[in-house]
Amino acid sequence: MEPLRVGIAGLGTVGGGVLALLGEHGERLASIAGRRIEVVAVSARRRRKKRAAPIGQFEWHTDPLALARHPGVDVVLELIGGAEGVARKLCETALKNGKAVVTANKALLALHGTELARAAERAGKPLRFEAAVAGGIPIVKALREGLVGNRIEGVYGILNGTCNYILTEMRASRRDFAAVLAEAQAKGFAEADPSFDVDGIDAAHKLTILASLAFGCPVNFSAVHVEGIRQVSAIDIAHADEFNCRIKLLAIARMTERGLEQRVHPCLVPVNTAIAHVDGVINAVVAEGDYAGSTVFEGRGAGAGPTASAVAADLVDIAAGRHVYPFGVPTAKLKALRAAPMREHVSRYYIRLMVYDRPGVIAEVSAVLRDQRISIESLVQRGRAEAADRAVAVVLISHEVDEAAMRRAMERIGRLKSVVEPPCVIRIEQL
Ligand SMILES: NC(=O)c1ccc[n+]([C@@H]2O[C@H](COP(=O)([O-])OP(=O)(O)OC[C@H]3O[C@@H](n4cnc5c(N)ncnc54)[C@H](OP(=O)(O)O)[C@@H]3O)[C@@H](O)[C@H]2O)c1
């Protein structure tokens, strides 16, 4: 059979990994796919830059769109990144020109995934994105195909390795967020501009894709409630330990009576759950199916090797002619779902207040909570402030209460004169 001819746009971490993998495992993949997967052309910004594997034997194009118009290319790998601009244009042009597309670009898919899937259907060509969510974990294929017999009730997990690394290190070294972030940046585990990761946006992009696959709905990034981990301090992590919990940034999509919940935020998770023990840069996803029950996937969510592994799986499927709809069903069958309003979300809460150590402070806080009908399961204050102008941490655990009442209470408590900084509120997740 004719080889599958590939054009790779983007030769950075992911693109370099793909080149290395295809070089090493090309023969084996050819025997599995029934034909060779052959890179014919590549594109990046700088031609002379050192790459993870030699590129001298491939056609070079400084303009990645040349790959989308190239008559000798069957599949375009979009491994550049960014929700707009050249990456989007490349995918659209490639599909329009009758080429299959494989991308690792979660930002693009979270914002334009449904339109791209529609363009792929019109072209009758595959659009694949296994590398876009949780790196080497084959969760896209698992939700789209492996668990297809189930009605999925929930899918959640740790989808951002940078945040998980920071939270793990904060616990291990008892240091605060800023110090650990600086170290993670120095080691290359966090970007120079870490906001996409630490503010929860990257995890939300991935959740949007998982939710579409799991619940058969169009991607809807604007429906995701997003919070990051900047507010989590070493004190919170130490207190979580005392409550037999760990703090994790979770991305959660769950069907509820109120509609589809999609949320990304730090959570206290009980230590007796699998997810509590997923540490460092590792990712994990749990899919809850009505027949399979709870299935846990764990592995490396980023880096050259894991992402190349995911891209290779997509290429083999395309080479073998195994075609599926990008989100499992035709786009016309994707059903928009009501978004469950976050203010109606019910949870137990961990609340940390930094307060001046003066008589009457607890009574003031309790009065606000009483007015909002929030009842408290426990309250902990250890030690005394060293001076009247120094604050102490008071930690409360609430019983179940809706988000709207909690927000009102926190807004009022934050205005009390004896409370020195905005309250830190973390939901306690019953998994
Ligand atoms: N890194 C990961 O672990 C990981 C994991 C999952 C998904 N992803 C996704 O995979 C994609 C690529 O990520 P990455 O980490 O591999 O990025 P990267 O290391 O920064 O590489 C990006 C590549 O794109 C090229 N490029 C940038 N702008 C271009 C343009 N206008 N025209 C042509 N080429 C251009 C760069 O060229 P030069 O090399 O010449 O500068 C570089 O080779 C992103 O969508 C990312 O979200 C990454």
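Worth saying up front: this structure is predicted, and the values here are computed from it rather than measured. Just so you know, residue 1 is the first one in the sequence shown, and it goes up from there. Whatever order the structure lists them in is the order used to number ligands and atoms, beginning at 1.
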Salt bridge R427-E227, side-chain N to carboxylate O under 4.0 Å: yes
For a quick check under 3.5 Å, do N220 and S222 share a side-chain donor-acceptor pair by atom type? yes
Are the side chains of F243 and V395 in contact, using a 4.5 Å heavy-atom criterion? yes
Is the ring pair F189/Y165 parallel, tilted or perpendicular, if the boundaries are 30 and 60 degrees? perpendicular
Any idea how H61 and H70 line up, ring-wise: parallel (<30°), tilted (30 to 60°), or perpendicular (>60°)? perpendicular
Inventory of protein N or O atoms under 3.5 Å from ligand 1 N or O:
from     : atom 1 : to   : atom 2 : distance (Å)
ligand 1 : 3 (O)  : G303 : N      : 2.7
ligand 1 : 16 (O) : T13  : N      : 3.1
ligand 1 : 16 (O) : V14  : N      : 2.9
ligand 1 : 19 (O) : T13  : N      : 2.9
ligand 1 : 19 (O) : T13  : OG1    : 3.3
ligand 1 : 37 (O) : R45  : N      : 3.2
ligand 1 : 39 (O) : K49  : NZ     : 3.1
ligand 1 : 39 (O) : R51  : NH1    : 2.7
ligand 1 : 39 (O) : R51  : NH2    : 3.4
ligand 1 : 40 (O) : R45  : N      : 3.0
ligand 1 : 40 (O) : R46  : N      : 2.7
ligand 1 : 40 (O) : R51  : NH2    : 3.0
ligand 1 : 41 (O) : R45  : NE     : 3.2
ligand 1 : 41 (O) : R45  : NH2    : 2.9
ligand 1 : 41 (O) : R46  : NE     : 3.4
ligand 1 : 41 (O) : R46  : NH2    : 2.5
ligand 1 : 43 (O) : L11  : N      : 2.8
ligand 1 : 43 (O) : G12  : N      : 3.1
ligand 1 : 47 (O) : K106 : NZ     : 3.3

Carefully, step by step, assess F215 and L260 under the rule side chain to side chain contact (heavy atoms under 4.5 Å, CB included). CA-CA 9 Å; F215 300 104; L260 179 63; 3.6 Å; yes
